[in-house]
There are 2 protein chains.
Amino acid sequence: MTEIQSLARGLKILDLLGQASDGISITELAETLKVDKGSASRLVSTLARYGYAEKDEVTRRYHLGPQVVGLSRSVLTRLPLREAAKSYLRQLMERTGECAHLAVPAQGKVLYIDQVESPATLRVNAEVGTMNPLHCTALGKALLAFGDVEIPGTLERFTPRTIKSKRTLQGHLEEIRRIGYAVDDEEFDPGVRCIAVPIFDFRDKVIGAIGISGPSTRITPERLPQLAVMVVEIGKALSERMTFTR
Amino acid sequence: MTEIQSLARGLKILDLLGQASDGISITELAETLKVDKGSASRLVSTLARYGYAEKDEVTRRYHLGPQVVGLSRSVLTRLPLREAAKSYLRQLMERTGECAHLAVPAQGKVLYIDQVESPATLRVNAEVGTMNPLHCTALGKALLAFGDVEIPGTLERFTPRTIKSKRTLQGHLEEIRRIGYAVDDEEFDPGVRCIAVPIFDFRDKVIGAIGISGPSTRITPERLPQLAVMVVEIGKALSERMTFTR
DNA sequence: AGTCATAGTTGGGCATTATACAACGTCATT
DNA sequence: AATGACGTTGTATAATGCCCAACTATGACT
């Protein structure tokens with residue numbers, strides 16, 4: 001017994017509450033988790049007592065509570081990478097004209113922890129806290145290619161270009177390692193191309209990735225190489241910076 | 001038995017992890033929560049398995065995991081108030097030249113859910129996710145005066161000006177109701193003054209508060225009334241907006 | 001309005017689960 | 001090399017949380 005059942009159930013409920021935008025009812029929770037209604041009721045009310053869940057008295061559905069926002073702040077402000085990356089993100093945005101993103105691996109996904117928005121009207125936003133799949137995003141593939149992140153079991157398809165074969169992906173990652181940067185060529189969002197590179201710390205361990213995202217009309221195959229040079233360059237600078245942090 | 005013990009303990013651990021900036025060891029956790037080391041170990045490893053905690057293999061101390069960042073996003077994007085308030089916050093900042101903040105009540109505190117920073121070099125930042133006390137902040141007092149938020153049991157002192165008597169606070173809130181806005185006159189941060197008003201929804205229920213914060217040197221007693229007029233005005237507009245939301 | 005149906009909460013017996021205690025392994029420090 | 005501190009793991013026990021069921025509240029439909 002190395003996993004505490006009721007805590008695990010509570011955490012699963014938090015996950016579910018996070019996914020459902022319009023709240024979840026007790027019965028839905030009970031069904032999804034395959035637990036008794038009574039148990040579900042007690043679990044959520046415990047979550048609610050500590051501010052992690054909130055009950056809408058009208059609809060009797062539960063939402064995530066505000067407590068988690070407070071928690072997330074402590075996570076973000078603690079990350080040395082985030083602080084260090086601020087100016088590099090800004091540079092990247094200014095030099096490329098596209099939104100720049102910073103991400104770390106989390107739970108088999110890529111988690112966006114910072115963003116500098118481009119002033120362009122048409123731009124690709126990714127709010128802090130967004131979690132996207134690894135296999136079809138530039139940031140994710142940078143992590144896969146250079147880090148010790150596992151390739152997910154199933155590769156979900158999002159667009160016609162999404163790589164769905166593990167074999168193909170392996171070869172693709174090989175190529176990424178060779179050229180030094182990862183490209184997402186409309187593999188997640190149609191009409192969106194991204195370029196990303198990994199960030200290393202003092203042990204040459206991959207701790208995150210940095211990159212840009214923009215509409216395919218601006219990040220054209222012709223412009224891509226020169227944009228990639230900038231991303232690589234700034235990524236290298238940030239990695240060097242992280243080498244001497246702490 | 002309406003509270004699930006082990007879940008509650010897990011949540012308390014999350015709180016502790018959120019407060020400690022440099023991680024917590026198992027023994028510290030066990031002592032603080034007055035549980036066995038073994039239990040603490042199992043609880044945290046469950047948290048870790050689901051991404052809510054993270055173990056620093058070097059120091060063997062635990063941090064909050066990245067998972068909570070993902071959760072917080074769903075909270076923030078769900079709040080209709082936050083979306084609606086964006087442009088009002090910006091207006092407020094532009095017209096007053098000070099940082100504008102948006103907050104909601106949470107767990108007997110005031111939780112900052114959005115901010116528009118002023119371009120001034122000297123400015124009062126409050127990052128999203130910050131939780132401050134109710135009785136000594138303008139936003140908090142606005143919530144207390146107009147909302148159904150309880151006055152906390154103990155009124156902690158932060159500066160010489162902090163109101164620490166419940167009676168005095170009651171009268172002060174009365175005054176706030178009369179004039180329509182709340183002021184924090186260096187009651188939380190020395191050298192910082194704030195002005196805030198409550199935001200009402202379609203039922204005339206207080207759902208949050210909006211306000212500005214700045215150095216006392218700029219928000220002087222002389223300028224205060226005219227600044228307050230702007231805050232009141234924009235607050236009224238936002239409340240009206242929220243009346244027709246949904 | 002009255003009845004029915006659905007959903008959420010509460011109570012109690014019981015088995016599973018989490019706990020406390022202790023031993024072990026690991027690492028750092030002297 | 002030895003000691004000490006810390007985290008993890010094993011195990012018996014009893015307390016905890018689970019299941020089932022009854023109860024309550026709320027809303028729908030006639």
Side-chain angles (χ1 to χ4, degrees), chain A residues 1-65 78 202-203 205 246, chain B residues 1-65 78 202-203 205 246:
Chain A
M1 178 223 324
T2 179
E3 163 161 323
I4 277 137
Q5 193 191 54
S6 43
L7 176 54
R9 286 180 174 173
L11 299 179
K12 281 179 195 156
I13 291 180
L14 286 183
D15 286 351
L16 290 174
L17 292 178
Q19 286 160 29
S21 53
D22 51 347
I24 312 190
S25 70
I26 293 283
T27 25
E28 282 169 351
L29 274 176
E31 280 170 10
T32 315
L33 294 181
K34 294 182 177 58
V35 299
D36 188 70
K37 273 198 307 178
S39 303
S41 173
R42 278 182 250 257
L43 287 166
V44 243
S45 57
T46 304
L47 289 173
R49 174 162 306 119
Y50 288 88
Y52 287 84
E54 226 173 27
K55 182 183 184 176
D56 185 329
E57 289 294 347
V58 183
T59 62
R60 287 202 223 159
R61 297 171 80 81
Y62 284 86
H63 301 278
L64 274 185
R78 182 178 49 75
F202 64 100
R203 310 212 108 148
K205 185 173 159 12
R246 145 164 342 196
Chain B
M1 177 223 325
T2 179
E3 162 160 325
I4 276 139
Q5 193 191 55
S6 43
L7 176 54
R9 286 180 174 173
L11 299 179
K12 280 178 194 156
I13 291 179
L14 287 183
D15 286 351
L16 289 174
L17 292 178
Q19 284 159 32
S21 53
D22 52 346
I24 312 189
S25 70
I26 292 283
T27 24
E28 283 168 350
L29 273 176
E31 280 169 12
T32 315
L33 294 181
K34 294 180 177 60
V35 299
D36 188 71
K37 274 196 307 177
S39 303
S41 172
R42 280 181 250 257
L43 285 166
V44 220
S45 58
T46 304
L47 288 173
R49 174 163 306 119
Y50 288 88
Y52 287 84
E54 228 173 25
K55 183 183 183 176
D56 185 328
E57 290 294 348
V58 184
T59 63
R60 286 203 227 160
R61 297 171 80 81
Y62 284 86
H63 300 279
L64 275 184
R78 182 176 50 75
F202 65 101
R203 310 212 108 149
K205 185 172 159 10
R246 148 163 339 199

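Below, read A as the first sequence line, B as the second, and so on, with proteins coming before strands; counting in each chain starts at 1.
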Atom-pair distance (CD on A/Gln5; P on D/dG17), nearest Å: 10 Å
DNA chain C-proximal residues of residues 44-65 of chain A, any heavy atom under 4.0 Å: A/Lys55, A/Arg60, A/Tyr62
Members of residues 20-36 of chain A that approach DNA chain C, where some heavy atom sits under 4.0 Å away: A/Ser25, A/Ile26, A/Thr27
Interatomic distance, A/Arg9 CZ vs D/dC18 C1' [rounded to whole Å]: 8 Å
Interatomic distance, B/Ile13 CD1 vs D/dG7 P [rounded to whole Å]: 13 Å
Per A/Arg42 side chain, nearest of listed nucleotides D/dC19, C/dT17, C/dA20: D/dC19
Shortest non-hydrogen separation from B/Leu64 to B/Gly18 and the atoms involved: CD1-CA, 3.6 Å
side-chain contact (heavy atoms from CB on, under 4.5 Å) evaluation trace for A/Tyr52 with A/Leu11: CA-CA 10 Å; A/Tyr52 287 84; A/Leu11 299 179; over 6 Å; no
pair B/Leu43-B/Leu29: side-chain heavy atoms closer than 4.5 Å: no
A/Ser41 vs A/Ser6, nearer the 5' end of DNA chain C by closest nucleotide: A/Ser41
Backbone of A/Val35 reached by a side-chain donor or acceptor of A/Arg9 within 3.5 Å: no
Interatomic distance, B/Leu43 CG vs D/dG17 C1' [rounded to whole Å]: 14 Å
Nearest-0.5 Å distance, NE2 of residue A/His63 to CZ of residue B/Arg78: 5.0 Å
Step-by-step side-chain contact (heavy atoms from CB on, under 4.5 Å) determination, A/Tyr62 to A/Ile13: CA-CA 10 Å; A/Tyr62 284 86; A/Ile13 291 180; over 6 Å; no
Where A/Glu3 and A/Ala8 come nearest, the two heavy atoms and their spacing: OE2-CB, 3.4 Å
Interatomic distance where CD1 belongs to B/Ile4 and P belongs to C/dT19 [whole Å]: 12 Å
Atom-pair distance (CD on A/Glu3; C1' on D/dT9), nearest Å: 16 Å
Option passing side chain to side chain contact (heavy atoms under 4.5 Å, CB included) with A/Ile4 (candidates B/Thr46, B/Leu47, B/Val44, B/Leu7): B/Thr46
Closest non-hydrogen atom pair between B/Asp22 and B/Arg61, with its separation: O-NE, 3.3 Å
